There are 2 protein chains.
Amino acid sequence: MSLIFSRQCEYALQAVIYLALNKNGSHVPIKDLTRKLKIPYHFLGKIMQDLTRKGLLVSEKGPRGGFALAMPACDITLFHIVDAIDGADFTRTCVMGFPECSGKKPCSVHGQWASLRDGIYAMLVSKNIEELSRTMQKPGYPGVLP
Amino acid sequence: MSLIFSRQCEYALQAVIYLALNKNGSHVPIKDLTRKLKIPYHFLGKIMQDLTRKGLLVSEKGPRGGFALAMPACDITLFHIVDAIDGADFTRTCVMGFPECSGKKPCSVHGQWASLRDGIYAMLVSKNIEELSRTMQKPGYPGVLP
DNA sequence: TTATATTCAGACTATTTAGTCTGAATATAA
DNA sequence: TTATATTCAGACTAAATAGTCTGAATATAA
């Protein structure tokens, strides 16, 4: 299978976008997230704890507890989340896996892949969670709608 | 970890490019391939067998046996190999993993991702193995050089 | 015909990723 | 203070991917 981001990372992106919909800054428990997003409960729990340790989220225990963004939604980009979960190796490694491939010894698609990869990176850093969650709320958009 | 192609697929791409360097149409044994490409012997064996079953390679047993391209190198694109090993799901699925994401119900990066993904696809179908192997032979190029 | 070099099939192990379970810690509200 | 709702840690299982091993089949060359 080819993929871009790990499943964990996909879940993380979905969950953080969902959190950003919660305007009033209150905490959202995992139970709410899994209900809306169809993500396995305990698995999501671990991912959220991870994002909390990485400083992207804050958490609160007990009744009325849960998770919230650690900073304004407009300050969190897709790249922050991807980097926290999967890392940014894909910005550095050869598409065809040649170990010695580099600027000096480029593989035969090195240059072309570099510009595609830069396009992906540019998208990830340009999109902030506030903007994304706003778009997702429009009618006809999937996943995170009530 | 984020990645584009599975390790198997990376190995397959490298091996097929290496085969294309073998102009005289003779068969190349796995032993030669693993020596040059530093790919685990038996693992590469399975991958080559797979590509043979898929019709991209032909094989011959015994002394002076090995693998060769089943068709002219210029007729094999990167996409043929990727499709044979990893499949082409990445051309269809949502980057953020929203199950309902589609043209009608797009996620908030759907359109932008679509054009990036199309760029990747275009590269894969436009690059044929003959051309790539030729480029790889130039001095300073990695991996498959003698 | 016999030794040898290879593919090939299939069972096996190892590692990574995905996902589950249990119980402790803690905050809130009744 | 007690019941309850949550995070959190860590051990566990499951599935997918990566990689190894053995031996049979087969083609070549001596």
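Being a predicted model, the structure only gives us computed values, none of them experimental. Numbered from 1 within each chain, the chains take letters A, B, ... in sequence-line order.
Here the P atom of nucleotide C/dG23 and the NZ atom of A/Lys61 are 17 Å apart, to the nearest Å. Here D/dT6 presents its C1' atom at 11 Å from CD of A/Gln49, a figure rounded to the nearest Å. Following rounding to the nearest Å, B/Glu10 (CD) and D/dG19 (C1') show an atom-to-atom distance of 15 Å. To the nearest angstrom, P of C/dT7 lies 14 Å from CD1 of B/Ile47. The distance from atom OH of B/Tyr41 to atom P of D/dT22 is 14 Å, rounded to the nearest whole Å. Note: CD1 (A/Ile39) to P (C/dG19) measures 10 Å, nearest angstrom. Straight-line distance from the CG atom of B/Leu37 to the C1' atom of D/dG19: 17 Å, rounded to whole Å. Between the CG atom of B/Leu33 and the C1' atom of C/dT6 there is a distance of 13 Å, given to the nearest Å.
With a cut-off of 3.5 Å on both Watson-Crick or G-U wobble distances, the partner of D/dT28 is given as C/dA3. Nucleotide C/dC8 forms a Watson-Crick or G-U wobble pair with D/dG23, both donor-acceptor distances falling under 3.5 Å. Using N1 to N3 plus N6-O4 or O6-N4 for Watson-Crick, or N1-O2 and O6-N3 for G-U wobble, each under 3.5 Å, D/dA18 pairs with C/dT13.
Phosphate contact (OP1/OP2 of C/dC8, side-chain N/O of B/Ser59, threshold under 4.0 Å): present. For the pair B/Arg53 and C/dA9, the criterion of a side-chain N or O lying under 4.0 Å from OP1 or OP2 is met. Here A/Lys31 reaches the OP1 or OP2 of D/dT6: one of its side-chain N or O atoms lies under 4.0 Å away.
For the contact set between residues 78-86 of chain B and DNA chain C, defined by any heavy atom under 4.0 Å, there are no members.
The two residues B/Ile129 and B/Val16 have their closest heavy-atom pair at CG2-O, 3.8 Å. The nearest pair of heavy atoms linking B/Tyr41 to B/Thr34 is CA-CG2, 3.5 Å. Smallest separation of non-hydrogen atoms from A/Met136 and A/Ile17: CG-CG2, 4.1 Å.
Side-chain atoms of B/Gln112 and A/Lys127 form a donor-acceptor pair, as typed in the model, at a separation below 3.5 Å. For A/Asp86 and A/Ser6, the side-chain atoms include at least one donor-acceptor pair closer than 3.5 Å.
In this structure, A/Glu100 contributes its side chain and A/Lys105 its backbone to no donor-acceptor pair below 3.5 Å. With B/Thr135 contributing its side chain and B/Glu131 its backbone, the two residues share a donor-acceptor pair below 3.5 Å.
Rounded to the nearest 0.5 Å, atoms NZ (A/Lys36) and CG (A/Leu21) are 10.0 Å apart.
Nearest nucleotide to the A/Ile30 side chain, out of C/dC8, D/dT7, C/dA5: D/dT7. Closest to the side chain of B/Arg64, from the set D/dT28, C/dC8, D/dT6, is D/dT28. Picking from C/dG19, C/dT7, D/dT28 the nucleotide with the shortest atom distance to the side chain of A/Pro40 gives C/dG19.
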Item to check | Annotated protein contacts, base or backbone, on nucleotides 10-18 of chain D with a non-hydrogen cut-off under 4.0 Å, one of B, S, - each | outcome: BB-----SS
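Residue A/Gly45 is classed as having no contact, given no heavy-atom separation below 4.0 Å to the nucleic acid.
Positionally, the nearest nucleotide of DNA chain D for A/Pro29 lies more toward the 5' end than for the other of A/Pro29 and B/Glu60.
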Item to check | CA sep, side-chain torsions, deciding dist, call: B/Met96, B/Cys101, side chain to side chain contact (heavy atoms under 4.5 Å, CB included) | outcome: CA-CA 9 Å; B/Met96 299 202 290; B/Cys101 177; over 6 Å; no
Checklist entry - Taking it one step at a time, do A/Val125 and A/His80 satisfy side chain to side chain contact (heavy atoms under 4.5 Å, CB included)? => result CA-CA 8 Å; A/Val125 295; A/His80 286 129; over 6 Å; no
